[in-house]
Colleague: 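Okay, handing you the structure first.
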Amino acid sequence: MEQNNMKRSPGNIPDEWFSWKGKDTEAAETVARPSLSYWQDAWRRLVKNKLAMAGLLFLVLLALFAIFGPILSPYEVNKQDLPNQYQPPSSDHWFGTDNAGRDVFTRTWYGARISLFVGLMAALIDLSIGIIYGGLSGYKGGRTDNIMMRIIEVLYGLPYLLVVILLLVVLGPSLSTIIIALTVTGWVGMARIVRGQVLQIKNYEFVLASKSFGTKTPRIIRKNLLPNTMGPIIVQMTLTVPSAIFAEAFLSFLGLGIQAPFASWGVMANDSLGAILSGNWWTLFFPAFFISFTMFAFNVLGDGLQDALDPKLRK
Amino acid sequence: MLKYIAKRLLIMAVTLWVIVTLTFILMISIPGSPLNSERNTNEVVQANLEAHYNLDEPYYVQYMLYIKSIVTFDFGPSIKQPNQTVNDLLGRGFPISFELGIITIIVALISGITLGILAALRHNGIIDYLAISLAVLGISIPNFVLATLLIQKLAVDWNILPPATWSSPAHMVLPVIALATGPMAIIARLTRSTMLEVLTQDYIKMARAKGLSPWKIVLKHALRNALMPVVTIMGTLLAGILTGTFVIEKIFAIPGMGRYFVESINQRDYPVIMGTTVFYSAFLIFMLFLVDIVYGILDPRIKLHKKGGA
């Protein structure tokens, strides 16, 4: 062994410079870098995306303010104070007051509660129905899949907001009916994504192995298929939340959203349409700012997650 | 290709039937009748009114009458607007909404694609960052907020453009900007990302090696492939613009379909709600169908399928 080594060294370098150190089998087998799970790696890449992290930070702050914001303010959400209507932002009223003298700061955080609640609930319900429907359709395949997909195709053709408006006309506008209306056809997009993923993954060997051990279908879907489809599902969820928030604001704006005395951002924006023309910009500015920034934050976070969770981009 | 069109037509018909039936079921399950108002009409008048609008027939007869009225494209009289049929409202409002929608689509497509191409060509340059920022802002700001801001700044503060109505090209500028910004942003983002992908392909390198001018490469070779995803999302964009016209027409006081629709919702004017919903849905579903066909014509893979499949 040693002699062999010496013979091979190039002519102009003296052989004495080299010596055999022996073999360290343990060192050769150690992994130099810590092993990262899929989620750790995704998180590491998400942290590097500054815009997405800024979005995440904004959303965390927003959630904190939605929970604790009203405590910071001495005013009640629906307390009218007519002599003090249209006060510009000051140390008394941080965001000013609206047409009925209500404190915009307090109302903004109550609005945040409603907007975030509507967005998250809609996304969660879409997720549950979409996973069950898409998972079954993709996993069963064949005729079942065919029929289930035809139904989806029909539902997908229905104009989303028109159906929502129709439903709200009938059900009457309230917090729960808005969430119902938003999810009646909203789950279709999620179901399509889950089905596409499941179709792809169900043919992999580890699923075949699981099947040959006699695992039951629900367990295969739960344990083998779903964890591997989480990436696209999470991305779809971060995009569902802002679209639900937008839809709620849009409906409130048409007079079909949350009804007084509740304050959602859409209601606040709608109420202050007239006010802005008389120069009381803050009544529109704050709800509009928070609608826009929440959508912005969810969108950049969704984009960031899309890159971070894509296994193809893993380094 | 024929088989494909036939399949799409069938799904289109079923979707239409679903929306028509759904509309009917929802309308008859609304609590209260549109004829119930604060005025106390005597029973004979009430019965006559109900007979006039066929509200006294059993549901299946109403359903048949309803289907018949839709097939013959006659949506009946409006309940709240005296001496007006739904067709009158549609005939008056639709051309205006259609004009608004078409101008918006054209503006959004041209500006979005241009912005997307410029951003892709100057990847990571100033134009790219500007385009991305503009796109994300455009997606995040709801059109009704943008519309109000535009009126406040351009019409009220600076007095450059008229704030409302729909009577001259100058009146069209603000509503079209408010409505087109969102779709423009989506198109720009999509064009940019696919353009970036296409530009790294071998056939683009080949075209470059042949010594073609950069603009010729972009316009003749890259753009056609980069635009496929834009065609795919046209259906969704159309639906968004269509529902967007509801609020935009409300804010800018444009006498289009959207405004009648919103008014009819607030007044519980059943025939108008049903008529406009069915009309809008049929229009949208037909547009989605057209988009699919255009996609089939543009995408060479579907063309191949036609030759092999027939």
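Below, all heavy atoms of this structure are taken into account, side chains as well, without hydrogens, waters or symmetry copies.
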Colleague: Would you say CZ of Phe117(A) has more than 12 non-hydrogen atoms from neighbouring residues, nucleotides or ligands within 6.0 angstrom?
Modeller: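 For Phe117(A), atom CZ is not crowded (no more than 12 foreign heavy atoms under 6.0 Å).
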
Colleague: Counting only non-hydrogen atoms closer than 4.5 Å, does Leu288(B) touch chain A with its backbone (N, CA, C, O), its side chain (CB onward), both, or neither?
Modeller: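 Contact with chain A is through the side chain of Leu288(B) alone.
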
Colleague: Supply the atom-to-atom distance Leu162(A) CG to Phe246(B) CZ, rounded to the nearest 0.5 angstrom.
Modeller: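 Between atom CG of Leu162(A) and atom CZ of Phe246(B) there are 4.5 Å.
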
Colleague: Nearest 0.5 Å please: distance from the CG atom of Leu166(A) over to the OG1 atom of Thr277(B).
Modeller: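 With rounding to 0.5 Å, CG (Leu166(A)) is 4.0 Å from OG1 (Thr277(B)).
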
Colleague: Let me know if Leu155(A) has heavy atoms under 4.5 Å from chain B in its side chain, its backbone, both or neither.
Modeller: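 No part of Leu155(A) comes within 4.5 Å of chain B.
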
Colleague: Under 6.0 Å from the CD atom of Glu197(B), do we count more than 12 heavy atoms belonging to anything else shown?
Modeller: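 It does not: Glu197(B) CD has 12 such atoms or fewer within range.
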
Colleague: Could you tell me which non-hydrogen atom of Glu153(A) sits nearest to which non-hydrogen atom of Ile11(B), and how far apart they are?
Modeller: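 Taking every non-hydrogen atom into account, OE1-CD1, 2.7 Å.
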
Colleague: For residues Phe246(A) and Phe144(B), report the shortest heavy-atom separation together with the two atoms involved.
Modeller: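 Closest pair (atom of Phe246(A), atom of Phe144(B), distance): CE1-CE2, 4.3 Å.
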
Colleague: Going by residue number, which parts of residues 179-189 of chain B are within reach of chain A, meaning a heavy-atom gap below 4.5 Å?
Modeller: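 Within residues 179-189 of chain B, the residues that come under 4.5 Å of chain A (heavy atoms only) are Arg189(B).
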
Colleague: Which one wins on heavy-atom pair count under 4.5 Å against chain B: Pro287(A), Ala249(A), Ala288(A), Ser292(A)?
Modeller: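 Option with the top pair count is Ser292(A).
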
Colleague: Could you look at Phe289(B) and say if it's the side chain, the backbone, both or neither that has a heavy atom under 4.5 Å from chain A?
Modeller: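 Neither part; nothing is under 4.5 Å.
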
Colleague: The criterion is ring pair (Phe, Tyr, Trp, His ring centres under 6.0 Å); which residues satisfy it with Phe94(B), sequence neighbours excluded?
Modeller: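 If we apply the ring pair (Phe, Tyr, Trp, His ring centres under 6.0 Å) test to Phe94(B), skipping adjacent residues, the hits are Phe98(B), Phe279(B), Phe283(B).
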
Colleague: Counting only non-hydrogen atoms closer than 4.5 Å, does Phe250(A) touch chain B with its backbone (N, CA, C, O), its side chain (CB onward), both, or neither?
Modeller: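 Backbone plus side chain of Phe250(A), per the 4.5 Å heavy-atom cut-off to chain B.
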
Colleague: Above 12 or not: heavy atoms from other molecules or residues under 6.0 Å from CZ of Phe289(A)?
Modeller: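 Counting other residues, nucleotides and ligands, CZ of Phe289(A) exceeds 12 neighbours.
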
Colleague: If we define contacts as heavy-atom pairs under 4.5 Å, which of Thr276(B), Leu16(B), Ile19(B), Leu22(B) has the most with chain A?
Modeller: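 The candidate making the most pairs under 4.5 Å is Ile19(B).
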
Colleague: Can you tell which of Ile285(B), Leu242(B), Val262(B), Val247(B) has the highest number of heavy-atom pairs within less than 4.5 Å of chain A?
Modeller: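 Max contact count across the listed options: Val247(B).
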
